[in-house]
Asks: 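Okay, handing you the structure first.
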Amino acid sequence: MEYTPDVDLDELCPVCGDKVSGYHYGLLTCESCKGFFKRTVQNNKKYTCAETRDCRIDKTQRKRCPSCRFQKCLHVGMRLEAVRADRMRGGRNKFGPMYKRDRALKQQRKALMQAAGSSHDQQGFSVHPDLVSPRTPLPTAQHDDMRCLLPSLRCLLPSDLPSPSQHHGNYLSNWTINSSSAARAYTSSPPPGPGVPALVLELLRCDPDELQLQNKSAARLLQEQSGWNQHGRLDTFRLTCLLADQMLFFMVDWARTSIFFKQLKVRDQMKLLHNCWSELLLLDIISRQVLYGREDRLLLVTGQEVELSEIVAHASPALISLVQRGQNLVEKLHILKVDRQEFACMKFLTLFNPDVMELEDHQFIENVQEQVEGALLEYTLCTSTRYLERFAHLLLCLSELRSLSMLAEEYLCCKQLSADVPCNNLLIEMLHAKHSWP
DNA sequence: TTAGCCTTGAAG
DNA sequence: CTTCAAGGCTAA
């Protein structure tokens with residue numbers, strides 16, 4: 001078993017891919033990007049891109065476009081506040097504890113990956129190499145402060161840690177909005193980059209960190225698996241439901257802390273989520289494939305991969321057609337090279353659906369829909385020459401997503417009728433909600 | 001301007 | 001005391 005004592009330093013700089021030299025301005029970066037970021041912020045430098053604001057930044061080309069380099073610095077999560085206005089040397093800043101937590105998280109992640117890798121090898125699972133040395137931004141303070149929200153754990157595993165009391169019984173009915181922590185999350189937004197609409201940046205900031213999702217879901221899955229292994233073989237479908245259930249909790253957590261959504265009354269929040277949960281779930285899976293996935297494999301939220309051929313080999317015709325339609329959509333979005341910004345907009349467009357019946361704050365929801373649509377259009381205008389066509393394609397994908405999600409819900413309903421779905425979880429609550437509204 | 005190495009100094 | 005992420009310096 002390979003062991004590297006210096007866990008942090010074998011990673012690559014998320015900006016340019018060079019060797020990292022330590023934590024700088026919020027995350028692990030190389031020495032040169034540290035210096036570049038410092039010079040840019042200290043001297044209040046303004047750059048302009050001579051190309052189309054999407055220059056590749058790597059070790060050999062990082063000097064060519066400072067504009068895109070700085071943009072990337074901000075995008076991966078380097079923090080302006082960490083550059084000191086008074087230029088005081090030495091000492092520590094408020095990020096110290098965050099660095100410490102991040103180190104612990106990485107350590108834990110590494111152990112998890114080793115455990116997951118060895119225990120899944122016989123089952124055809126593998127671990128995505130890009131995710132072992134991540135290219136996603138590091139967790140920020142706001143994510144670290146978020147408590148681990150897994151109330152479903154309570155119902156499925158009663159012996160587990162106690163969860164907050166508001167999560168007893170019906171998961172959504174008496175769920176409360178923690179506005180103070182939500183407000184804190186958006187107090188310091190980076191300055192809008194050239195061409196990227198401020199709202200798009202804001203929506204992107206609401207996106208959870210992929211690595212944290214991985215850690216939480218992988219830990220949960222391993223725990224479940226160890227429990228099952230004592231009593232018999234693990235059931236794949238049951239495991240899938242568990243994973244979907246987990247993803248639903250992440251989704252609810254994302255929504256409740258997101259801009260606009262947190263301003264809504266709980267009743268409207270529930271209606272919106274009940275309406276679009278399956279779309280958001282699929283969009284989440286699909287965006288993961290487009291952004292990080294590899295061909296002919298399904299990348300799970302846990303960071304594990306499953307061969308598509310393996311799924312198809314064991315699936316019913318209904319499931320096979322679902323998988324194929326999903327793959328077509330992945331392919332389409334992949335060709336379009338849809339990025340995180342656009343996916344973030346698409347998530348909000350899906351969530352803020354003004355067609356939902358009996359909304360109390362219908363006007364507001366319609367406004368949000370229009371604002372996000374406008375921001376997405378503006379964004380495509382900056383990033384694509386054939387922006388109208390691109391924008392139309394993206395909306396078309398959303399409508400395909402809608403019909404796909406309806407098929408998926410039908411599939412789940414059939415499965416549930418045959419009592420294959422484990423009951424008493426958020427997935428089933430969502431499945432039933434749409435039909436049981438007054 | 002860049003990027004590797006140096007100095008500093010509060011936190012642990 | 002040690003640590004290590006800030007800022008500083010300087011040759012290329």
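Chain identifiers are assigned alphabetically (A, B, ...) following the order of the sequence lines, protein sequences preceding nucleic acid strands; residue numbering begins at 1 within each chain.
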Asks: What are the bounds, 5' to 3', of the part of DNA chain C that sits under 4.0 Å from heavy atoms of chain A?
Replies: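 From 5' to 3', the first and last contacting nucleotides are C/dT3 to C/dG8.
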Asks: Name the residue closer to the 5' end of DNA chain B, choosing between A/E31 and A/P66 according to the nucleotide with the nearest heavy atom.
Replies: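 Result: A/P66.
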Asks: Would you please say whether a donor-acceptor pair under 3.5 Å links the side chains of A/Y47 and A/T40?
Replies: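 Distance-only check passes for A/Y47 and A/T40.
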Asks: For residues 30-46 of chain A, pull every pair meeting salt bridge (charged side-chain N to carboxylate O under 4.0 Å, His left out), keeping only residues two or more places apart or in separate chains.
Replies: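 Residue pairs passing salt bridge (charged side-chain N to carboxylate O under 4.0 Å, His left out), neighbours aside: A/E31-A/K34.
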Asks: Mark yes or no for whether A/D268, through its side chain, and A/E360, through its backbone, hold a donor-acceptor pair below 3.5 Å.
Replies: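 Side chain of A/D268 to backbone of A/E360, a donor-acceptor pair under 3.5 Å: yes, one is there.
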Asks: Starting at the 5' end of DNA chain B, which residue's closest nucleotide do you reach first, A/K63 or A/K34?
Replies: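 The residue closer to the strand's 5' end, by nearest nucleotide, is A/K63.
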Asks: Apply the side-chain contact (heavy atoms from CB on, under 4.5 Å) test between A/L280 and each candidate in A/L401, A/N275, A/T350; give the one that qualifies.
Replies: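 Per the side-chain contact (heavy atoms from CB on, under 4.5 Å) rule, the option paired with A/L280 is A/T350, out of A/L401, A/N275, A/T350.
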Asks: Using heavy atoms and a sub-4.0 Å distance, could you list which residues of residues 35-46 of chain A are near DNA chain B? By number, please.
Replies: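 A/F36, A/R39, A/K45 - these, ordered by number, are the residues of the stretch whose heavy atoms sit under 4.0 Å from the strand.
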Asks: Would you say the side-chain atoms of A/R53 and A/T383 include a donor-acceptor pair closer than 3.5 Å?
Replies: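 A/R53 vs A/T383: no donor-acceptor pair found between side chains.
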Asks: Among residues at least two apart in sequence or on other chains, which ones pass ring-ring contact (aromatic ring centres under 6.0 Å, His included) with A/Y25?
Replies: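 A/Y25 satisfies ring-ring contact (aromatic ring centres under 6.0 Å, His included) with A/F37 once adjacent residues are dropped.
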Asks: Any base atoms under 4.0 Å from A/R87, or only sugar-phosphate, or nothing? Heavy atoms, all strands.
Replies: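 The residue A/R87 makes sugar-phosphate contact but no base contact.
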Asks: Please list, chain by chain and in numerical order, all residues satisfying side-chain contact (heavy atoms from CB on, under 4.5 Å) with A/N367, sequence neighbours excluded.
Replies: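 In terms of side-chain contact (heavy atoms from CB on, under 4.5 Å), with neighbours along the sequence ignored, A/N367 is linked to A/Q363, A/E370.
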Asks: Would the A/F348 and A/W254 ring centres measure less than 6.0 Å apart?
Replies: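 Yes; A/W254 has its ring centre under 6.0 Å from that of A/F348.
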Asks: Taking A/E342 first and then A/R390, would you say they form a salt bridge - that is, a charged N and a carboxylate O separated by under 4.0 Å?
Replies: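 Between A/R390 and A/E342 there is a salt bridge, with a charged N closer than 4.0 Å to a carboxylate O.
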Asks: Closer than 4.0 angstrom, basic N to acidic O: yes or no for A/K347 and A/D284?
Replies: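 Salt bridge flag = no for A/D284 with A/K347.
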Asks: Identify the 5'-most and 3'-most nucleotides of DNA chain B with at least one atom closer than 4.0 Å to a non-hydrogen atom of chain A.
Replies: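 The protein-touched segment is B/dT1 to B/dA11.
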